[in-house]
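Notes follow the structure.
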Amino acid sequence: QAQLVASGGGSVQPGGSLRLSCAAAEYIVSSNCMGWFRQVPGKEREGVAAIDGFANTRYADSVKGRFTISRDNAENTLYLHMNSLIPEDTAMYYCAADPPYVTCRPDILARTPRVWGQGTQVTVSS
């Protein structure tokens, strides 16, 4: 069974930066829709960013200009670079994947991901 292992979360002050990583075992990062969603207890999942097999990227309006999704095909790893973090970014972050024939958008990926792994906690506070 494919596994996605997220890491890199932590506690930062507002304005700080973090880089999340997602190591994919048995799931090809380069050819599938890959992305990140986040969830706060008691709230619905929120799609954050997605990247398709052609390296097209899409972002939620709430993170545009601050977050960047990327991947390292050689390492089969997905990244989320988060800058100018604000308290509203506090959540558990999950990486997820969908087949290449699914529309690759973060909101769609968050609703029904084919594969996702354990999350990594991001806390932004002063």
Side-chain angles (χ1 to χ4, degrees):
Q1 183 176 353
Q3 292 183 335
L4 302 175
V5 181
S7 61
S11 295
V12 295
Q13 293 186 339
S17 300
L18 282 173
R19 187 185 76 165
L20 305 184
S21 300
C22 176
E26 302 177 30
Y27 207 88
I28 307 303
V29 167
S30 63
S31 59
N32 290 282
C33 173
M34 304 291 299
W36 297 88
F37 66 87
R38 63 190 182 187
Q39 190 165 26
V40 175
K43 293 190 176 181
E44 291 187 356
R45 293 175 186 169
E46 178 189 10
V48 174
I51 182 169
D52 67 16
F54 299 99
N56 298 307
T57 57
R58 291 180 175 175
Y59 298 92
D61 288 342
S62 58
V63 305
K64 275 181 185 175
R66 301 188 298 119
F67 290 10
T68 302
I69 188 170
S70 66
R71 66 184 184 216
D72 183 330
N73 294 338
E75 297 294 326
N76 211 36
T77 301
L78 182 72
Y79 298 102
L80 184 68
H81 306 260
M82 306 187 295
N83 297 318
S84 302
L85 285 161
I86 59 177
E88 290 75 15
D89 294 321
T90 296
M92 187 71 78
Y93 284 71
Y94 300 85
C95 63
D98 263 341
Y101 51 80
V102 175
T103 300
C104 195
R105 278 182 9 208
D107 56 327
I108 294 176
L109 188 67
R111 275 203 298 266
T112 53
R114 179 67 62 86
V115 180
W116 72 97
Q118 100 288 350
T120 185
Q121 177 68 37
V122 172
T123 302
V124 185
S125 70
S126 54

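Predicted, not measured: the structure shown is a model, and the values here were computed from it.
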Scan residues 72-86 for pairs that pass salt bridge (Lys or Arg N to Asp or Glu O under 4.0 Å), counting only residues two or more places apart or in two chains.
none

List, one per line, each side-chain donor-acceptor pair under 3.5 Å for residues 39-49, sequence neighbours excluded.
unit_1 : atom_1 : unit_2 : atom_2 : d
Q39    : NE2    : K43    : O      : 3.1
R45    : NH1    : A110   : O      : 3.0
E46    : OE1    : R38    : NE     : 2.8
E46    : OE1    : R38    : NH2    : 3.1
E46    : OE2    : S62    : OG     : 3.0

Roughly how far apart are L20 CG and F67 CZ, rounded to 0.5 Å?
8.0 Å

With rounding to the nearest 0.5 Å, note down the distance linking CE in M92 to OG1 in T120.
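Here the rounded value is 7.5 Å.
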
Is it true that a side-chain atom of Y79 and a backbone atom of T68 form a donor plus acceptor pair closer than 3.5 Å?
no

Pairing residues for N56 by the side chain to side chain contact (heavy atoms under 4.5 Å, CB included) criterion, not counting sequence neighbours:
D52, F54

Sequence-distant partners of E88, side chain to side chain contact (heavy atoms under 4.5 Å, CB included), two or more places apart:
I86

Sequence neighbours excluded, the answer for side-chain hydrogen bond (donor to acceptor under 3.5 Å, both in side chains) partners of S70 is H81

R66: partners by side-chain hydrogen bond (donor to acceptor under 3.5 Å, both in side chains), with sequence neighbours left out:
D89

Compile the donor-acceptor pairs under 3.5 Å between side chains in residues 6-18 and protein atoms, sequence neighbours left out, one pair per line.
unit_1 : atom_1 : unit_2 : atom_2 : d
S17    : OG     : N83    : OD1    : 2.9

Heavy-atom pair of closest approach, residues G35 and I69:
CA-CD1, 3.9 Å

Shortest non-hydrogen contact between S31 and P100, atoms and distance:
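In this case the closest contact between S31 and P100 is O-CB, 3.3 Å.
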
With a 4.5 Å heavy-atom cut-off, do [X] and [Y] have their side chains touching?
X: T90; Y: Q121; value: yes
X: L4; Y: M34; value: yes
X: F37; Y: W116; value: yes

Linking I/L/V/M/F/W/Y whenever their side-chain heavy atoms sit closer than 4.5 Å, directly or via other members, would L109 and W36 fall into one cluster?
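L109 does not cluster with W36.
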
Contacts satisfying disulfide (SG to SG under 2.5 Å) that involve residues 59-126 (not counting sequence neighbours) are C22-C95, C33-C104

Among pairs that include at least one residue of residues 48-90, which meet disulfide (SG to SG under 2.5 Å), considering only residues two or more places apart or in two chains?
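For residues 48-90, and leaving out neighbouring residues, there are no disulfide (SG to SG under 2.5 Å) pairs at all.
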
By salt bridge (Lys or Arg N to Asp or Glu O under 4.0 Å) - contacts of D107 (at least two apart):
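Expected list: R105.
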
In the hydrophobic cluster built from side-chain contacts under 4.5 Å, what are the other members alongside V102?
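Grouped by the 4.5 Å side-chain rule, Y101, I108 form the rest of the cluster around V102.
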
